[in-house]
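Below is one structure, written out as structure tokens, with a few remarks after it.
Below, chains carry the letters A, B, ... as their sequence lines are ordered, and counting in each starts from 1.
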Number of protein chains: 2
Amino acid sequence: MEAQTKIEISDAEWEVMRVTWTLGNVTSSQMAEIMAEKMGWKTATVKTLLGRLIKKGALRAEKHGRAFTYYPTVDEQPSMDEAVTTLFGHLCQMRVGQTLADLVGQLNLSQNDIANLQTVLAKKATTAPATVDCDCLPGETSC
Amino acid sequence: MEAQTKIEISDAEWEVMRVTWTLGNVTSSQMAEIMAEKMGWKTATVKTLLGRLIKKGALRAEKHGRAFTYYPTVDEQPSMDEAVTTLFGHLCQMRVGQTLADLVGQLNLSQNDIANLQTVLAKKATTAPATVDCDCLPGETSC
DNA sequence: TTATTTAGTCTACAATCGTAAACAACAAAT
DNA sequence: ATTTGTTGTTTACGATTGTAGACTAAATAA
């Protein structure tokens, strides 16, 4: 069966998905109103994005009376995880640690988030290597 | 003075930058050889990317004899930090913590990276809020 | 000096993106 | 029934991206 090719969500489309995920479902007029306020987009722009997301399979539309109601067909957390994992995969592996540290320094994390992270790190420390090599050049031992 | 507009580096261009950062400087033939092996790109493709990066101001070319030598004009770690920060800025703030935890679980971090992260987290814990709200909808208290 | 290799510049071209107007179809108001 | 408003569909259009061929100038080899 058509192994569902990776859905690519663009930046603008991502904003639409966020709203959909948060509300669970939306009508286009609702979305238009929200995006007008949040992004300053015209109604037509929102319609285009909804259409593209439907075509990509990230949203599903259900006809209710005259209008459609839109529902996300992909989950939020996995989508976020994937976007982040993909980005980190393109960075020099030797520097992801520092990058992560810089990032954590800037993010707004809750007490729970921090405790959670600490747990993950503690466990990870038990099997972590002494060093991680640069992987920016081809061939085995780059750098 | 022309406040240097944010340099946007595309995915393909990013691969070129990684090599440049790692080597410090490269000739186009060297880069072509590396990218042929690493990415399977034709020489012409590499030339295009080098040209675009020059135009964007991410690389600088110095003529040495017949050929140019290319040097990065932006630093690696700040560029990485920014790419990552930008991505996280587009995600639901309520979920960045979990996303980070999932990410850390997957990344290959060194003992040092982990220790470093733990330090940053410990400090952060002293001022972290109890919770972080969703910011996917406009208006103050979304969600 | 002429043919050949090499490195740089210009042109190409389809796909995706951001941004939106134009048009169509149907429901609601008059 | 006709006008008007709402919602969906089609078309547009320039910019960026990935991918690369073509052409050109300079250096080298024959």
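Contact annotation: S10(B) reaches the phosphate of dG18(D) (side-chain N/O to OP1 or OP2, under 4.0 Å). Under 4.0 angstrom from either OP1 or OP2 of dA20(C) there lies at least one side-chain N or O belonging to T45(A). Applying the 4.0 Å criterion to OP1 and OP2 of dG8(C), one finds that Y70(B) has a side-chain N or O inside that range. Between W41(A) and dT19(C) there is a side-chain polar atom (N or O) within less than 4.0 angstrom of OP1 or OP2. Between S28(A) and the phosphate of dG8(D), there is a side-chain N or O to OP1/OP2 separation shorter than 4.0 Å.
When each of dA20(D), dT28(D), dT7(D) is scored by its nearest atom to the side-chain atoms of K42(B), the top-ranked nucleotide is dA20(D).
Put simply, the side chain of T119(A) gets close to the backbone of A115(A): a donor and an acceptor are under 3.5 Å apart.
The CZ-C1' distance, from R66(B) to dA29(D), rounds to 15 Å in whole Å. Between K56(B) atom NZ and dA15(D) atom C1' there is a gap of 11 Å when expressed in whole angstrom units. The distance from atom NZ of K63(A) to atom C1' of dT7(D) is 9 Å, rounded to the nearest whole Å.
For a distance-only test at 3.5 Å, the side chain of R52(B) qualifies as a donor-acceptor partner of the base of dT19(D). A donor and an acceptor atom sit less than 3.5 Å apart, one in the side chain of T48(A) and one in the base of dA20(C).
Residue K47(B) is classed as a base contact, given a heavy-atom separation below 4.0 Å to a base.
Nearer to the 5' terminus of DNA chain C, by closest-nucleotide assignment, is the contact made by E13(A) (compared with the other of E13(A) and G40(A)).
Interatomic distance, T69(B) OG1 to M31(B) CE, rounded to the nearest 0.5 Å: 11.5 Å.
Other residues, nucleotides and ligands contribute at most 12 non-hydrogen atoms within 6.0 Å of the CD atom of E33(B).
Side-chain atoms of Q106(A) and D102(A) include no donor-acceptor pair closer than 3.5 Å.
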